[in-house]
Amino acid sequence: MRSTLIRSALAVFALLLAYSALAQDDLDEQVEAAVKEAVKKVAPSVVRIETVGGLENVGGVLFGTGPTTGLVVSEDGLVVSSAFNFAQKPSQILIGLPDGTRVPATLVATDHSRRIVLLKPNVEVKLPVPEMAPEAEVAVGQWAIAVGRTFEGGETNLSVGIVSAVKRVWGRAIQSDCKISPSNYGGPLVDIRGRVMGILSPMNPQSDDKIAGVEWYNAGIGFAAPLEQVHKALPLLKQGKDLFPGIMGVNLRGGDQFADPAMIAAVRANSPAAQAGLKTGDQILKIGDKEIIRQIQVREALGPHYAGETVHVIVKRGSEQLERDVTLIAKLEPYTRPFLGILPMRLAKAEGAAPPAPGVEIRFIYPDSPAEAAGLLPGDRILGVVDKKAAGIEQLREAVGALEPGKKYALEVRRGQQTLKPDVTFAAIPETVPEKLPPAFAGRKPFVGQQPPVGKQPFKLPEHQNDAVIYVPEGYDPGVPHALVVWFHEPNGLKEEEKVDALIAKWKSICEGYDVILAAPKSLDPVKWDPAKETAYVQALAEKLRAIYTIDDARIVAAGYQAGGAMAYHVAFNRRELFRGVVAVDAAIASPPPEAEPTFPLAIYATKAIQGRAPGPQIEAGIKRLRDLKYPVTVKDQGNAARELNAEELGELARWIDALDRI
Amino acid sequence: MTFRNVKARGAAIAMAVAWLFSAPVSGADTVADVIDAVQPRMVKIYGAGGFRGLEAYQSGFLVSAEGHILTVWSYVLDTEFITVHLDDGRKFDAKTLGYDPRLELAVLKIDGADLPHFDLAQAKEAEAGTRILAFSNLFGVATRNEPASVQHGVISVMTRLEARRGAYETPYNGPVYVLDAITNNPGAAGGALVNRKGELLGMLGKELRNSLNNTWLDYAIPIGQVHPTVTEIMEGKFISRPDEGQDSRPKADNPLSVKLLGIVLVPDVLERTPPFVDDVRPGSPAAAAGLKPDDLILFINDDRLIQSCKALREELGYIEREEQVKLTVIRGQELMEFVLKAN
């Protein structure tokens, strides 16, 4: 009896099980049919694009010879494709229609924000315009099909996945886990009904580089520019206007961009923000219809906008709210950091010391500088500039950074009991290094008390595999701000312990004499650095050292020899908030330098030579590029053959590091 | 009563019910059932290699009850000592019965009987969008009785690999299924591609890079392409043929050249200099046909797009000099065709 009961229960269970399997199978069959139908629906609008000529190598990536994919977007046969396919600037473009005929085409315009190009066939083409899926209807989790037309035979190729995210890359992209690669870049991402959601294109939210994102091909992460956005851009593209991401021209006060309010630290000269009358100290409350609570929301709000568009901005200035229309532009003039021509006296933090007097005491006046012309003297205290009070060095640097070279401003200076108001006209930062510098502290006393370890130390971060060695001066004083030099070794540079000791021997007198802590990380592969992976490690290393030792944020330097120098450039370019200087000995820049910004000062000390590990012309080109971006580059010409820095050059480098906190 | 029995009985009932209501019979084959049915036919193959970049393993599947195994022809088989692990964990020495480098296939033989296997004659064809399962021992993760790895996806497109046309470095010359699944990894070659009913479609191909766009190609060779050869090898009738790929596209005995046509190309200074006409010799076939300086030559005889001076010279090498040749050029923004014949 009991056994029969169990048996019949099992039979029912089995039936249910079979039924659900059946339903699942039915569903599978329906999905397969729907996918085929969706591709069939869009296929007549998907074209194949072939090109002749153009660059063979863009940004270090060797370009294949094609073919790529495009999508018809208008009745008159205009075609869009991914800008990636045209980064090599081909001399001739051919559009292959679904029936196999080929028509020559010209590139009408490029949308650098959505990474899309518009192509125009030179003869009349009648192809169906595909149905669009409105951006608002694209939901995470729904089916997505990536369609290309790149394989021999001319059929469409497809990849099935889902929509992984929407509003990616600052609101410019739909993300999908379809296999998105050069096999379908430029083709449509369609929904299960065959409606086009977007145009497949490589993107990377962290990079505006022309071919950024291709490193993620077939990696489960790919992007498509929403077709609805592309349609909005079409009228301008049709007129042959290239479109660029819109820039407002403000820098926000440093801090946690995901937590802190959007306080303007600097308004760039001649920028849309300056023209709209925004000022340093304003807090951005709203851009368009987006409330701004945290700094990152400024980037999110501006992300979808093109240069030339006008956004309505609400800011808080003191107790009032101001509303301004800001017309965005594509490119700012390079930022030139204004230079007053002083070194500040540093503040020693001693136990129980009185709070420092307001303002900044002058340690050193640069010869032929605006400060000298204004009659300033060592020992004067700068209390403010224009109407900004400067409580300390950082505030003065920020206030000066927001001004413009070549213009006249009033300083407020205390000399003894006197208050002076001299006018100064700021210059650009000099590239020469002062011959001799006075001490950075008045009446420094030897430190007595508890202090962290000094001398040569192995240094390991538990969460990272890399090793490092640091050297902390024997006379380390936690009350004194120290410079930090992160030294990147050349291939096999620190493989043996003798080489580590030789490096320290070289730097020891600099560390002791100029309050410098040296950190020498080791690459995991002794012969090469992996910029993509090891940059994060170096950042963690520097931040750990900042937490243990007293480090002067104005004098954190990335330095290196040969491949190490290239790594130093890379790390400093990608960790702007941390590094203030780059020392590159026999090394060229390996990645495009970022634009100079008021909030992140950066200076470069580079050697050049006719013969070296890095080709002379490449080093020269890099230096020119940095100077065009208005970075101060101190260049040491080593003549015929490149080599490591000699004692004299090291002495100069020590003064260069010591003077990085100049204003 | 074990759980497995319940499941079998359930399936039987379901089939009966399905039949009653005229639902598709295939409804009983869930993905799990299909995988259960395919796994016993998969084998893991171990042979030569083992140093960096050359893994000493690949995949294969049984194609007869007596132990014939279909796999890819590769360096792994280039040894006297080939070992095969069956799905049930049994280990066999295998010998290479025959191979066809042109199809990149090999047939191995182990001493067995009553082995579960695929019947190549029952293999099916599929179209783009068809859901597929790919079985292989990629990265060698499984050994002995561990089941092969299963990947799912769809067929992305049917295309042709054309040996000697530059895009792919393979002797194989024929149709392939391009897969929307990342199968192009060490050890996967020789694996089985099946549809969602478990019917055999193809054999996973060797690692191959598409030089046209620098991406890896995930692909399988349709069984229809290899079946006759496999049968011949199994029956001991296989004779290694001359490479048909080469035969189908022989170099000309007396090849044509740009010079014979009277065309002077722009100086070939780049790896891929576009084939612009620099000058046309007076009285030449090119002049007679009406070619002009600055014309960009795009096609010869409507074949594939010519992307460089080098490619143009190479293509002419396949054409006999007495043959008539059609050049498609772009002048300004117009495509124009010219028929030329060398004197």
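Since this is a predicted model, take the numbers as computed values, not measurements. Labels below follow one simple rule: chain letters A, B, ... track the order of the sequence lines, proteins then strands, and each chain is numbered from 1.
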Given a strict heavy-atom distance threshold of 4.5 Å, which part of A:V39 is in contact with chain B: side chain, backbone, both, or neither? neither
Can you tell me if B:D294 has over 12 outside heavy atoms packed within less than 6.0 Å of its CG? no
Chain A contacts, top residue of B:G129, B:P175, B:A128 (heavy-atom pairs, under 4.5 Å): B:G129
Rounding to 0.5 Å, atoms CG (A:L94) and CD1 (B:I330) come to a distance of 6.0 Å
Do B:Q333 and A:Q92 touch side chain to side chain, with heavy atoms closer than 4.5 Å? yes
Non-hydrogen side-chain atoms of A:K36 and B:T130 separated by less than 4.5 Å: yes
Side chain to side chain contact (heavy atoms under 4.5 Å, CB included) between A:E155 and B:T159: does it pass, once the steps are laid out? CA-CA 8 Å; A:E155 293 301 314; B:T159 189; over 6 Å; no
Chain B heavy atoms under 4.5 Å from A:I145: which part of the residue, side chain, backbone, both or neither? neither
Evaluate whether atom NZ of A:K41 has more than 12 neighbouring non-hydrogen atoms of other residues, nucleotides or ligands under 6.0 angstrom away. yes
Enumerate the salt bridge (Lys or Arg N to Asp or Glu O under 4.0 Å) contacts for residues 174-187 of chain A, please, sequence neighbours excluded, ordered by first and then second residue. A:K179-B:D180
Given a strict heavy-atom distance threshold of 4.5 Å, which part of A:V123 is in contact with chain B: side chain, backbone, both, or neither? neither
Do you know which two heavy atoms are closest between A:T51 and B:L305, and how far apart they sit? O-CD2, 3.8 Å
Just do the side chain to side chain contact (heavy atoms under 4.5 Å, CB included) check on B:V154 and A:L158 with the steps written out, would you? CA-CA 8 Å; B:V154 299; A:L158 68 124; 3.8 Å; yes
For A:S91, is it the side chain, the backbone, both or neither that has a heavy atom under 4.5 Å from a heavy atom of chain B? side chain
So for A:A105, is it side chain, backbone, both, or neither that comes closer than 4.5 Å to the heavy atoms of chain B? backbone
Can you say whether A:S183 sits under 4.5 Å from chain B via the side chain, the backbone, both, or neither, judging by heavy atoms? both
So CE of B:M158 and CG of A:N157: to nearest 0.5 Å the spacing works out to 14.0 Å
Taking the side chain as every heavy atom from C-beta outward, state whether A:V52 and B:L298 have any pair of such atoms under 4.5 Å apart. yes
From the list A:P104, A:G153, A:A146, the residue making the most non-hydrogen contacts under 4.5 Å with chain B is A:P104
Determine which residues belonging to residues 185-194 of chain A lie within contact range of chain B, meaning some heavy atom pair is under 4.5 Å apart, and list them by number or answer 'none'. none
Does any heavy atom of chain A fall under 4.5 Å from the side chain of B:L296, the backbone, both, or neither of them? side chain
Winner by heavy-atom pair count (cut-off under 4.5 Å) against chain A, out of B:P275, B:G153, B:P274, B:S156: B:S156
A:E32 side-chain N/O to B:R131 backbone N/O, donor-acceptor pair under 3.5 Å: yes
Near B:Q39 CD, under 6.0 Å, is it more than 12 heavy atoms from other residues, nucleotides or ligands? yes
Spatial distance of atom CG (B:L217) from atom CZ (A:F151) [nearest 0.5 Å]: 5.5 Å
